[in-house]
Amino acid sequence: MEYDFRNIEANWRKKWAQDESYKVTEDPNKKKFYVLDMFPYPSGAGLHVGHPLGYIASDIYARYMRHKGYNVLHPMGYDSFGLPAEQYAILTGQHPAKTTEQNIARYREQLDKIGFSYDWSREVRTSSPDYYKWTQWIFGLLFNAWYDLETNKTCPISELIAKFEDNGSYGVNAHMDEEWWKTYLLEADHIFSAHFEGEFTDTDWKGMTEAQKEALLMNYRIAYLADSVVNWCPALGTVLANDEIKDGVSERGGHPVEQKKMRQWSMRISAYSERLIADLDTIDWPDNIKEIQRNWIGKSSGARIRFQAEKEVTIEVFTTRPDTLYGVSFLTLAPEHESVEVLTSEEQRNAVMEYVANSKLKTERERMAEKKISGVFTGSYAMHPLTGEQIPVWIGDYVLAGYGTGAVMAVPAGDQRDYDFAKHFNLEIKNIFAESDLSEKAETSKDALLANSDFLNGMNYYAAFDAVCERLMEIGAGEKRVNYRLRDAVFSRQRYWGEPFPIYYENGIPRLINTEELPTELPDVDAYLPTESGEPPLARATNWERNGMPMECNTMPGWAGSSWYFLRYMDPNNHSVFASEERIKYWGQVDLYMGGAEHATGHLLYSRFWTKVLFDLGYIPFNEPFKKMINQGMILGRSSFVYRIKDSNTFISFERRKEFETQRLYAAISLVDNDKLNIEGFKNWLPEYANAEFMLNENGEYTCGWEVEKMSKSKYNVQTPDELIEKFGADTLRCYEMFLGPVEQSKPWDTKGINGVHNFLRRFHRLFLENETFAVSSEEATAAEMRVVHKTIKKITEDLERFSWNTVVSAFMIATNELTDLKCNKRQALEPLVVMLSPYAPHLAEELWKDLGHSTSVMNESWPVAESKYLEDDNFEYPISFNGKTRFFLSLPVGMSGADVEAQVLAHESTAKYLEGKTPKKIIVVPKRIVNVVM
RNA sequence: GCGCAUGUGGCGUAAUUGGUAGCCGCGCCAGACUUAGGAUCUGGUGCCGCGAGGCGUGGGGGUUCGAGUCCCUCCAUGCGCACCA
């Protein structure tokens, strides 16, 4: 009976489902292992062959760990809130829940066919009210929390209120905007004096109204509502977080993004910057992801320095090079800087106003694209804190309002941008370096020695840094300071298909809905668009209120639900807590997380952030979610092209395309085999090609051109797993995807090689056959056969331990080839191979295991152990090299001493020939490796 | 511009610590079987050379008895950040 994969796979799929073979339960007597895939957004297009690459790899590892005796948690679910379903709803009026439901059904069908060992009883969907109830609950935790810089921990807001009651803001060291009172006035009747600088007493606090207290607390909450400058995307009708923007346009759809001041919910992730960087050292993630996160968080150490300007204005700057302080020749403010208005002199007023207005008009992207140097003098001066010199204050849009203090001290000698600015406006360039030529460019080396810098003369950056900071501290003009690029994350989206906030407004004060009343379910609306007045879609709901008080109309962003889903899998049906304490304790961190690198600055950062919050508040016993992560590469498509002669319906073969002026058009890859076009199929493909004519190559064929690019519907290059499973089976697909190369690597999809892998499974199957029927021998396997088996056990085990999925397939092939050559059909030799094959080809392995007479599933068998007695060999075939070049081989006993090996080599007849009459200078003998004769 | 990663046959790749470069598969060539095959089986296949042999892991240099692997430098490709002071 030939390898009948269709029947085999269908039968086992059914049996696994019936028996709930992959259900796992917590078992304190067994060691746990948690293998997780990044759950997918269920799009309408379904899965293509690229999606399952990581799923297959993690499934193999999960099955392997199960064979090793671990209790393996390997769940799957859906990140089911999202834009496409909403956009489809806008077009068709169909409720996104329905579209989502259909897409999930399709995904499930496709996933099931591949033979994954998911415990589907633990499925989660972020859009299900049972799930988002707990997303809302976590939002509540964040709302009711603040960040204590004393203990470096997230703490309940009640503790902060107690501190205020007790001693006002004195002794409170919280992460917040340090100058919150400047931008966030406490409503109408200001209770503090004009000189208020952020500190208040318990009497002040007690004297505040409810609204004032709440407004003040907003500056401390981790989830907070504030007027902030956000990235507004008019085309999508919503705000976007920084990580949702690539190259100045929206990641989804590529629409322009503008800066807009809006009252929005935000997450105080910036409080966690240092921990998010430091804890990277405690997790086993790919270096490039860690590096991306480090860059994104953007830590830089420097100093804050204050310059006293005219009109009682103090300009504070942030610099990473305080050592160059003596080289300051001007200050530059961002156009949005708060002091621009007051510092502008009468003579300069028009010029400044024009410049500031112009900057405002430009989008971020335009500012970026514009390489032109621009700026304007304010007409004011500030005093150098050490020299007392008067320094001109300029405005320039190369200074960003959102970073540091929005003001810089310009040192043309030590910074290229300042240098360019100075050259352009003919400002002074003070040379503060002993040996640097500043005629062409600035000196940016930290090793350059300082000059013309008073007490810093002769020092380099490292020495001068501390010296100057110390001096600034003494005179109160500045101090050391660490700055981060990471901004707080906007958490509001003006969309329908997302989690509603558990928030209503009582006289404008945001109030949290009690846990007992959750979930706050999405209301029905008549359309999924913003209202006429520009309010989010939820504003359309007729009874979107609580006891007559209005509900929050924004919804949460896509990353809310995915920031904690790995915890819900542990206890998905719990109605009283997000996951029980015992279960969280049992399953702990994700041991292996598999997914794409594209989430480096989004999901992977946000889930780390939420994990730290939950850890600080005592809900989970670990502060990093994913212990080890592997990023699978992208599988690219290989698009095919036909060449239509301009203004005709005639297509010319690839080889001859240059004879005419042609237009390159996509041809569906299903119509192309080995770059040859199926002409009849092509004519029937699209109506416009029905009457197409063809100019063929010399072999009478039509050759297509090709290119490797991302798989996409519009490129007609999408390869779905379904058709390959139909043709070759899921086991072949699984093995083939692994065989393609290292999982981390991106590679073009190439269907050609799949035959070879399919063949391997057939040949493996054939080992168990005699005259087309199942037949294995009970005889003892020979030494040679056992050697093959144990060599393979060793190789495969080692490869899986180091996550080298591709080389395992190779090792299976070698074993199959060798056992075929040996005509081995011994049970003793074949059984361990079936066990080892089962993670890769679970259906075939189950079938063979059953045929071998077992009544239990192969997946519970323990992993075979390589026994060294089968691997040892008496002799080693030494490569004998002369000056590093291998010349011949010599088989010598393994235990032979180096001196004896040397003697044997010298005595060998071929040695004289390769010595060419010379005397060996030295002979290197590496036991069981190599002999090298040095001449 | 800064940071990170990757460069090995016609192609995908292999070579845990420096120790026989090219395993396994695709493709290609030859043969067998077959009415036929995009089936199956057998053999061959880095490049140059009839051969002996020489040359070969992006280029150049170095360390070493020995380098795909370590160091320096340059180049190419991909990814991330990008006026971040």
Side-chain angles (χ1 to χ4, degrees), chain A residues 246-248 286-296 298-300 302 317-322 324 332 334 367-368 370-371 373 396-400 402-411 414-418 420-421 444 483-487 597-598 600-601 633-634 673-674 676 735-736 739-742 744-757 759-760 762-763 795 798-799 801-802 804 806-817 877-889 920-935:
Chain A
K246 293 272 173 310
D247 301 321
D287 287 335
N288 64 316
I289 298 286
K290 291 191 185 184
E291 201 54 34
I292 288 171
Q293 291 209 344
R294 279 192 203 101
N295 289 341
W296 185 260
K299 178 176 181 173
S300 49
V317 302
F318 173 74
T319 176
T320 54
R321 294 296 302 273
T324 62
T332 316
R367 271 211 213 177
M368 257 164 55
E370 215 170 87
K371 287 285 164 209
I373 295 165
D397 68 5
Y398 78 98
V399 179
L400 303 175
Y403 184 76
T405 60
V408 302
M409 59 176 222
V411 183
D415 183 284
Q416 195 55 44
R417 288 157 311 187
D418 297 343
D420 295 339
F421 195 86
T444 52
N483 231 347
Y484 299 91
R485 202 191 74 104
L486 184 67
R487 301 270 76 91
E598 66 273 19
T601 54
M634 206 186 334
D673 184 44
N674 221 349
K676 300 293 178 283
C735 291
Y736 184 54
F739 186 67
L740 280 174
E744 307 89 339
Q745 238 163 68
S746 287
K747 50 227 151 190
W749 179 258
D750 172 15
T751 314
K752 276 189 259 169
I754 200 167
N755 269 313
V757 175
N759 254 336
F760 143 66
R762 283 173 47 186
R763 282 163 60 91
K795 168 77 176 151
E798 284 171 1
D799 284 358
E801 288 295 331
R802 66 189 172 105
S804 175
N806 54 325
T807 52
V808 171
V809 183
S810 216
F812 273 127
M813 287 175 171
I814 293 167
T816 306
N817 291 347
E877 183 100 334
Y878 277 96
I880 313 300
S881 58
F882 293 77
N883 282 347
K885 276 192 197 312
T886 309
R887 294 301 181 177
F888 63 91
F889 294 91
K921 279 187 199 141
K922 202 200 275 181
I923 298 177
I924 312 274
V925 177
V926 185
K928 287 183 79 179
R929 283 223 193 261
I930 202 168
V931 175
N932 190 17
V933 181
V934 186
M935 304 189 288

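Predicted model only: the values in this text are computed from it and were never measured. Values below: every heavy atom of this structure, side chains too, minus hydrogens, waters and symmetry copies.
- Pairing of A21(B), defined by two Watson-Crick or G-U wobble distances under 3.5 Å, is not identified with any nucleotide.
- Side-chain contact check for Asp750(A) versus Lys752(A): some heavy-atom pair is nearer than 4.5 Å.
- Using a 4.0 Å heavy-atom criterion, one finds that Asn817(A) contacts the sugar-phosphate atoms exclusively.
- Among the atoms of the strands shown, none is found under 4.0 Å from any heavy atom of Arg487(A).
- Note on ring orientation: taking the six-membered ring where Trp is involved, the planes of Tyr403(A) and Phe318(A) are perpendicular (angle over 60°, cut-offs 30° and 60°).
- Taking only distance into account, the side chain of Arg887(A) never meets the base of U20(B) through a donor-acceptor pair shorter than 3.5 Å.
- In this structure, Tyr398(A) does not reach the A85(B) phosphate: none of its side-chain N or O atoms is under 4.0 Å from OP1 or OP2.
- At a threshold of 4.0 angstrom between heavy atoms, the contacts of Asn759(A) are confined to the sugar-phosphate backbone, with no base atom among them.
- A side-chain donor-acceptor contact under 3.5 Å links Asp418(A) and Tyr398(A).
- What separates CG of Asp799(A) from C1' of U16(B) is a distance of 9 Å, to the nearest Å.
- Straight-line distance from the CE atom of Met634(A) to the C1' atom of G80(B): 13 Å, rounded to whole Å.
- Separation of the C1' atoms belonging to G37(B) and G53(B) is 44 Å when rounded to the nearest angstrom.
- Spacing between atom CZ of Phe760(A) and atom P of G12(B) amounts to 23 Å, rounded to whole angstrom units.
- For the P atoms, the distance from G59(B) to G10(B) is 14 Å, rounded to whole Å.
- Separating the P atom of G60(B) from that of A52(B) is a span of 27 Å, rounded to the nearest Å.
- When rounded to the nearest whole Å, the span between OH of Tyr484(A) and P of C81(B) equals 20 Å.
- Annotation: U57(B) and C70(B) have their P atoms spaced 15 Å apart (nearest Å).
- Distance CG (Asn295(A)) to P (A5(B)): 12 Å, rounded to an integer number of Å.
- A distance below 6.0 Å separates the ring centres of Trp749(A) and Tyr736(A).
- The phosphate of U6(B) has neither OP1 nor OP2 within less than 4.0 Å of any side-chain N or O from Asn288(A).
- Using P as the reference atom, C65(B) and C4(B) are 32 Å apart when rounded to the nearest Å.
- Between Gln745(A) atom CD and U6(B) atom P there is a gap of 9 Å when expressed in whole angstrom units.
- In this structure, G9(B) shows a glycosidic angle within 90 degrees of zero, which is the syn conformation.
- Put simply, CD1 on Ile292(A) is 16 Å from P on G78(B), counting in whole angstrom units.
- Here, A67(B) and G19(B) have their P atoms 11 Å apart, quoted to the whole Å.
- Summarising the base pairing, G49(B) is matched to no nucleotide, lacking a Watson-Crick or G-U wobble pair whose two defining distances lie under 3.5 Å.
- Only the P atoms considered, U8(B) is 15 Å distant from G68(B), to the nearest whole Å.
- Using atom P as the reference point in both G12(B) and G27(B), the two lie 15 Å apart (nearest Å).
- Residues forming a side-chain hydrogen bond (donor to acceptor under 3.5 Å, both in side chains) with Arg929(A) (at least two apart in sequence, or on another chain): none.
- Regarding Lys885(A), its NZ atom lies at a distance of 14 Å from the C1' atom of C65(B), rounded to whole Å.
- In the interface, the side chain of Asn932(A) is paired with the base of C65(B) through a donor and an acceptor atom under 3.5 Å apart.
- For Val926(A), taking side-chain heavy atoms from C-beta onward, the closest of the listed nucleotides G25(B), A21(B), G19(B) is G19(B).
- In this structure C28(B) sits in a base pair with G44(B), meeting the Watson-Crick or G-U test at under 3.5 Å.
- Across all strands shown, Phe889(A) has heavy atoms under 4.0 Å from base atoms, whether or not it also approaches the sugar-phosphate.
- The partner of A5(B) is U77(B), by the rule that a Watson-Crick or G-U pair needs both atom distances under 3.5 Å.
- For U63(B), there is no paired base (Watson-Crick or G-U wobble, both distances below 3.5 Å).
- Between Asn932(A) and Ser881(A), the shortest heavy-atom contact is OD1-OG, 3.1 Å.
- Between the side chains of Ser810(A) and Thr807(A), no donor N or O sits under 3.5 Å from an acceptor N or O.
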